[in-house]
Amino acid sequence: MRQDNQLIVITHLSQLISLVTGFGSLIVPLILWVTQKEKVYQMDAHGKNILNFQLSLIVYCLLCIPLILLFGLGLLGFVVLGIISVVFPIINAIKASNGDTPTYPLSINFIN
């Protein structure tokens with residue numbers, strides 16, 4: 001296995017591709033993780049954290065849809081989720097470039 005912090009940083013930042021294309025924040029990190037988890041040191045841990053975070057965001061977005069009818073709380077939820085989905089990949093990419101294994105907040109552990 002090789003140490004490749006740049007690829008791990010790119011994997012964290014690839015979540016932001018949905019800002020440009022509107023989709024792909026789950027697909028691109030999934031492809032990078034599946035193809036590189038056995039070749040790059042710590043890619044498995046980082047990839048699992050990223051995928052758990054993205055799957056958690058999908059679940060939280062689905063929960064916000066019915067909350068729109070309840071005093072518009074779903075709209076506030078969407079705004080908060082949008083901010084979280086942009087800020088934490090950037091913060092964790094910086095941490096990964098320093099060699100740390102970052103964790104994402106509010107992340108449900110789907111993939112162990």
Side-chain angles (χ1 to χ4, degrees):
M1 292 191 134
R2 69 181 197 277
Q3 180 73 28
D4 194 355
N5 283 346
Q6 290 179 345
L7 184 61
I8 292 173
V9 169
I10 289 170
T11 306
H12 282 282
L13 293 177
S14 69
Q15 299 173 76
L16 301 176
I17 196 165
S18 62
L19 296 175
V20 177
T21 62
F23 65 94
S25 62
L26 177 66
I27 297 168
V28 175
L30 176 66
I31 292 170
L32 288 172
W33 174 63
V34 168
T35 59
Q36 300 297 318
K37 69 181 176 181
E38 296 173 358
K39 298 176 185 174
V40 177
Y41 179 68
Q42 289 192 337
M43 176 61 91
D44 192 39
H46 286 273
K48 286 178 183 177
N49 286 337
I50 292 168
L51 294 177
N52 285 329
F53 178 65
Q54 288 298 317
L55 291 172
S56 299
L57 285 178
I58 291 170
V59 169
Y60 295 138
C61 284
L62 291 175
L63 290 175
C64 284
I65 292 171
L67 288 177
I68 292 174
L69 300 175
L70 185 65
F71 306 115
L73 290 176
L75 296 176
L76 179 64
F78 282 129
V79 170
V80 170
L81 288 175
I83 292 169
I84 288 172
S85 68
V86 171
V87 170
F88 281 101
I90 295 170
I91 291 171
N92 286 337
I94 294 168
K95 287 182 181 179
S97 70
N98 294 331
D100 297 336
T101 302
T103 57
Y104 287 92
L106 305 172
S107 184
I108 302 169
N109 203 11
F110 293 106
I111 302 170
N112 286 329

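This one's a predicted model, so the numbers in the text were calculated from it and none came from an experiment.
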In this structure, CG of Leu75 is separated from CD1 of Ile65 (nearest 0.5 Å) by 11.0 Å
For residues 39-67, the ring-ring contact (aromatic ring centres under 6.0 Å, His included) pairs (sequence neighbours left out) are His12-His46, Phe53-Tyr104
The side chain to side chain contact (heavy atoms under 4.5 Å, CB included) partners of Leu69 (sequence neighbours excluded) come to none
Hits for salt bridge (charged side-chain N to carboxylate O under 4.0 Å, His left out) against Asp100, two or more places apart or cross-chain, chain-then-number order -> none
The side chain to side chain donor-acceptor pair (under 3.5 Å) partners of Asn98 (sequence neighbours excluded) come to none
Sorted by chain and number, sequence neighbours left out, side chain to side chain donor-acceptor pair (under 3.5 Å) with Gln6 holds for none
Residues at least two apart in sequence or cross-chain that pass side chain to side chain contact (heavy atoms under 4.5 Å, CB included) with Val40, listed by chain then number, are Arg2, Asp4, Leu7, Ile8, Gln36, Met43
May I ask whether Met1 and Trp33 are part of the same hydrophobic cluster, defined by side-chain heavy atoms of I, L, V, M, F, W, Y residues being less than 4.5 angstrom apart, directly or through others?
no
- Message: Using the rule that Ile, Leu, Val, Met, Phe, Trp and Tyr join whenever any side-chain heavy atoms are under 4.5 Å apart, tell me whether Phe110 and Val34 fall into a single cluster.
- Response: yes
Connected to Leu70, directly or through other members, by ILVMFWY side-chain contacts below 4.5 Å are Leu67, Phe71, Leu73
For Asn109, the side chain to side chain contact (heavy atoms under 4.5 Å, CB included) test, sequence neighbours excluded, returns Asn52, Asn112
query = Under 4.5 Å between any side-chain heavy atoms of Asn49 and Thr101, yes or no?
reply = yes
* Asked: Would Val59 end up clustered with Ile68 when hydrophobic side chains under 4.5 Å apart are linked, directly or stepwise?
  -> yes
Residue set satisfying side chain to side chain contact (heavy atoms under 4.5 Å, CB included) with Ile27, at least two apart, ordered chain then number -> Ile31
The reported gap from OG in Ser107 to CD1 in Ile50 (rounded to nearest 0.5 angstrom) is 10.5 Å
The reported gap from OG1 in Thr11 to CG in Leu30 (rounded to nearest 0.5 angstrom) is 11.0 Å
Note: with side-chain heavy atoms under 4.5 Å as the link, the other cluster members for Phe23 come out as none
| same_hphob_cluster(Leu16, Ile91) at 4.5 Å side-chain heavy-atom cutoff | no
The side chain to side chain donor-acceptor pair (under 3.5 Å) partners of Ser25 (sequence neighbours excluded) come to Gln54
*Can you check whether Ile108 reaches Leu55 side chain to side chain, under 4.5 Å on heavy atoms?*
no
When the side chains of residues 81-89 are checked against the rest of the protein, which donor-acceptor pairs come out under 3.5 Å, sequence neighbours left out?
from, atom 1, to, atom 2, distance (Å)
Ser85, OG, Leu81, O, 3.2
Ser85, OG, Gly82, O, 2.9

*Common cluster, Val28/Val20, ILVMFWY with side-chain heavy-atom separation under 4.5 Å*: no
Rounded to the nearest 0.5 angstrom, the CD-CD1 distance for Gln15 and Ile17 is 11.5 Å
